[in-house]
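Just so it is clear, the structure is predicted and the values come from calculations on it, not from any experiment.
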Amino acid sequence: MAKSAGCVVLLMGVLCAASGAQADGLFEGLFDKAKDSAERKTRDRVNQRIDQTVDKAINKTEEAVQCVSTDQECLRKAKDEGKQVTILNAPPAPDSVKCVAADQSCLKQAKAQGKKVEIVDENDLETLRCSVADADCLKRAKSMGKKVEIID
């Protein structure tokens with residue numbers, strides 16, 4: 001009986017030592033998992049903040065209004081709407097000018113600037129050139145929904 005009691009005590013000691021070693025391994029495994037989880041969450045949050053910053057920058061760019069520096073109406077409208085303005089340089093002047101055949105001042109101006117003249121119908125123009133005193137021209141521009149350039 002003393003032999004069997006000694007064996008039981010020895011067996012208990014071995015089991016306690018083994019379970020202590022297993023407990024250490026278990027705690028190390030849990031610590032490693034917690035560490036990995038914290039690193040992953042930190043990396044995810046950093047990536048999320050970077051994505052949010054990039055999205056904000058893109059949104060500001062998309063919300064910005066692009067205006068040619070000489071387009072006062074565009075600049076005023078953007079300011080009234082509280083939007084950011086990106087100023088563009090004026091496009092280079094074209095090598096040719098569109099003129100109605102009867103518009104002598106347009107033809108003379110094109111010649112003075114050394115530009116080629118393209119004779120077009122009034123309907124093809126975006127802007128009609130009218131004298132302040134030319135009521136017919138002003139009425140035509142209004143009825144066609146065209147812009148007017150006052151030439152005198």
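By the side chain to side chain contact (heavy atoms under 4.5 Å, CB included) test, Q104 is found to be paired with L107, residues two or more places apart in sequence or in another chain being considered. Shown here are the salt bridge (Lys or Arg N to Asp or Glu O under 4.0 Å) partners of E122, two or more places apart in sequence or in another chain: R140. For E39, the salt bridge (Lys or Arg N to Asp or Glu O under 4.0 Å) criterion is met by no residue, not counting sequence neighbours.
Following chains of ILVMFWY side-chain contacts shorter than 4.5 Å, one can reach V120 starting from L128, so the two form part of one hydrophobic cluster. Under the 4.5 Å side-chain contact rule for hydrophobic residues, V148 and V132 share a cluster.
For the atom pair OG (S143) and CG (L138), the distance works out to 11.0 Å, reported to the nearest 0.5 Å. Distance check, rounded to the nearest 0.5 Å: NZ of K33 to CZ of R40 gives 11.0 Å. The structure places CD1 of I119 at 7.5 Å from SG of C106, a figure rounded to the nearest 0.5 Å. Separating the SG atom in C130 from the NZ atom in K142 is a distance of 13.0 Å, to the nearest 0.5 Å. The SG atom of C99 lies 8.0 Å from the CG atom of L125; values are rounded to the nearest 0.5 Å. In this structure, NZ on K98 lies 10.5 Å from OG1 on T127, to the nearest 0.5 angstrom.
Of all the heavy atoms in S105 and R129, the pair that sits closest is OG-NH2, 2.9 Å.
For R76 and D80, the salt-bridge test passes: some basic side-chain N is under 4.0 Å from an acidic carboxylate O.
Within 6.0 Å of NZ in K146 there are more than 12 heavy atoms belonging to other residues, nucleotides or ligands. Atom CD of Q113 has more than 12 neighbouring heavy atoms from other residues, nucleotides or ligands inside a 6.0 Å radius.
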